[in-house]
Amino acid sequence: MKWNVIFLASLFILVLSLSSCGVNSPANAQKKTKAIRTLMVGGGASHDFDKWYKEVDTKTLAQDGLATVTYTSDVSSILSKLPDIDVLFLTNNQPMEDPELRKAIFAFVNAGKGLVLAHAALWYNWKDWPEYNVQLVSGGSKGHDKYGSFEVNVVDAKHPVTKGVDQKFSLKDERYYYKVDAAGPGIKILANSSVEGSTAIYPSVFVVNHPKARIVGIALGHDAESHDLPVYHTLIRNAIKWVSHK
């Protein structure tokens with residue numbers, strides 16, 4: 001009788017132990033983490049959006065279940081998708097003329113949702129929509145160097161967006177002349193770009209000091225020289241995690 005009691009007690013402890021391991025296992029922890037619902041918007045001139053964003057970047061973001069990414073170059077479809085996403089990833093330079101869409105994008109941001117502005121989305125694209133550059137981009141670019149090599153220097157390695165990114169790296173890209181608009185909320189620079197023979201330094205990665213939402217600007221991204229770079233992969237993955245509060 002005594003041995004039966006001991007056996008049953010030992011069995012009960014073993015079951016509890018196994019159950020505890022199962023609940024706290026890395027596999028189960030991963031299942032509990034919901035993928036970041038991301039809408040990536042491309043389309044426009046001077047870039048192969050389908051190749052580098054639709055084909056390459058969507059896979060980079062979806063790797064290991066980090067995000068579920070929907071890509072579109074149809075700006076008329078954005079409005080209906082906004083209520084069901086965590087992050088809006090804009091990289092387009094095509095027109096977004098619908099007043100309701102413009103209001104909805106601002107409402108999305110003011111609700112505290114995440115916004116990533118990549119490459120072409122940092123341009124002064126819309127003369128009739130200055131609020132976009134002033135309030136969301138806090139500035140923008142009206143020009144860039146001729147496509148070529150330049151160096152990127154991380155100036156804030158402690159920020160979550162630059163976590164795991166090399167302190168200094170080189171690539172070929174269009175070096176955007178991003179400049180801050182004093183009427184905007186301002187930015188926090190995470191990485192700067194410089195080129196040999198020039199004293200001009202421009203932000204390559206930054207955070208917009210928006211009062212309600214997390215916004216990341218990434219000026220890199222013209223072609224394969226950026227999109228195939230492991231450092232770039234880390235940056236865009238870190239960016240959607242940070243802006244979505246994951």
Side-chain angles (χ1 to χ4, degrees), residues 35-82 84-96 101 105 108-109 113-126 132-133 136-137 140-141 144 147 152 161-162 165 169 171-176 178 190-191 193 203-208 214-244 246:
I36 302 166
R37 301 169 300 171
T38 304
L39 175 63
M40 182 181 291
V41 182
S46 305
H47 302 85
D48 192 342
F49 294 97
D50 281 0
K51 174 65 177 177
W52 304 120
Y53 291 96
K54 181 179 180 180
E55 294 183 20
V56 177
D57 285 1
T58 57
K59 291 180 181 177
T60 297
L61 295 177
Q63 187 178 353
D64 300 325
L66 175 67
T68 54
V69 186
T70 300
Y71 175 90
T72 185
S73 56
D74 177 10
V75 294
S76 67
S77 70
I78 301 172
L79 193 57
S80 64
K81 291 179 170 62
L82 286 178
D84 300 317
I85 63 170
D86 305 305
V87 175
L88 179 60
F89 190 120
L90 295 179
T91 186
N92 61 308
N93 56 12
Q94 65 170 311
M96 292 195 292
L101 172 59
I105 289 174
F108 178 86
V109 174
K113 297 295 186 73
L115 180 63
V116 176
L117 303 169
H119 200 56
L122 297 176
W123 205 260
Y124 279 95
N125 290 308
W126 303 289
Y132 172 87
N133 283 91
L136 301 185
V137 190
S141 179
H144 59 73
Y147 179 86
V152 177
V161 174
T162 48
V165 174
F169 60 93
L171 76 164
K172 288 182 179 179
D173 205 324
E174 297 170 325
R175 191 170 78 111
Y176 272 25
Y178 173 92
L190 304 183
S193 65
S204 286
V205 185
F206 58 90
V207 169
V208 177
R214 291 182 174 183
I215 302 175
V216 172
I218 301 175
L220 311 174
H222 182 71
D223 62 10
E225 292 288 337
S226 292
H227 295 269
D228 288 342
L229 201 64
V231 170
Y232 176 85
H233 299 170
T234 302
L235 281 171
I236 63 172
R237 286 173 63 85
N238 284 352
I240 68 163
K241 282 192 285 187
W242 185 72
V243 299
S244 65
K246 298 295 184 181

Which value, rounded to the nearest 0.5 Å, describes the distance between Leu220 atom CG and Glu225 atom CD?
12.0 Å

Can you find a heavy atom in the side chain of Lys51 that is under 4.5 Å from one in the side chain of His227?
no

Is there a side-chain contact between Asp57 and Tyr71 in this structure, where contact means two heavy atoms from C-beta onward sitting under 4.5 Å apart?
no

Roughly how far apart are Thr38 OG1 and Leu61 CG, rounded to 0.5 Å?
6.5 Å

With heavy-atom distances below 4.5 Å as the criterion, would you say the side chains of Leu190 and Val207 are in contact?
yes

Determine whether Val69 and Phe89 satisfy the following criterion, side chain to side chain contact (heavy atoms under 4.5 Å, CB included), listing intermediate values before the conclusion.
CA-CA 10 Å; Val69 186; Phe89 190 120; over 6 Å; no

Could you check Leu122 against Phe206 for side chain to side chain contact (heavy atoms under 4.5 Å, CB included), going step by step and ending with a plain yes or no?
CA-CA 11 Å; Leu122 297 176; Phe206 58 90; 3.9 Å; yes

With a 4.5 Å heavy-atom cut-off, do Thr91 and Trp52 have their side chains touching?
no

Go through Leu171 and Val152 one step at a time and tell me if the side chain to side chain contact (heavy atoms under 4.5 Å, CB included) criterion holds.
CA-CA 8 Å; Leu171 76 164; Val152 177; 3.7 Å; yes

Nearest heavy-atom neighbours spanning Gly65 and Ala35
O-CB, 3.5 Å

Within a strict 4.5 Å, meaning less than it, do heavy atoms of the His144 and Asp173 side chains meet?
no

Once the angle between the rings of His47 and His222 is folded into 0 to 90°, is it parallel (under 30°), tilted (30 to 60°) or perpendicular (over 60°)?
perpendicular

Enter the distance from Thr58:OG1 to Glu55:CD here, rounded to the nearest 0.5 Å.
8.0 Å

Determine the minimum heavy-atom distance between Val137 and Ala121, stating which atoms define it.
CG2-O, 4.1 Å

To the nearest 0.5 Å, tell me how far Thr68 OG1 sits from Arg37 CZ.
7.5 Å

Measure the spacing between OG of Ser204 and CZ of Arg175 and express it to the nearest 0.5 Å.
8.0 Å

Please report the shortest heavy-atom distance between Ile240 and Ser244, naming the atom on each side.
O-OG, 2.7 Å

Using every non-hydrogen atom in the two residues, find where Gly221 and Ser226 come nearest and quote the distance to one decimal.
N-OG, 3.3 Å

If we ignore angles and hydrogens, is there a donor and acceptor under 3.5 Å between the side chains of Asp223 and Tyr147?
yes

Over 12 non-hydrogen atoms of neighbours within 6.0 angstrom of NZ in Lys246:
yes

Just one of Val243, Leu115, Val208 clears the side-chain contact (heavy atoms from CB on, under 4.5 Å) bar with Arg214, so which one?
Val243

Tell me, with the steps shown, if Lys81 and Val41 meet side chain to side chain contact (heavy atoms under 4.5 Å, CB included).
CA-CA 11 Å; Lys81 291 179 170 62; Val41 182; over 6 Å; no

Distance col, row Leu235:CG vs Ile218:CD1, nearest 0.5 angstrom, shows 5.5 Å

Phe108 and its side-chain contact (heavy atoms from CB on, under 4.5 Å) partner, picked from Ile78, Leu82, Leu39
Leu82

Phe49 versus Gln94: any side-chain heavy-atom pair under 4.5 Å?
no

Using atom types as modelled and distance alone, determine if a side-chain donor or acceptor of Arg237 lies under 3.5 Å from a backbone N or O of Gln63.
yes

Any Leu136 side-chain heavy atom under 4.5 Å of Ile105 side chain
yes

For Thr72 against Ser77, the heavy-atom pair lying closest together
OG1-OG, 3.1 Å

To check you understand the geometry: which heavy-atom pair defines the closest contact between Val75 and Pro95, and what is its length?
CG2-O, 3.7 Å

Is there side-chain contact between Lys113 and Leu88, with heavy atoms separated by less than 4.5 Å?
no

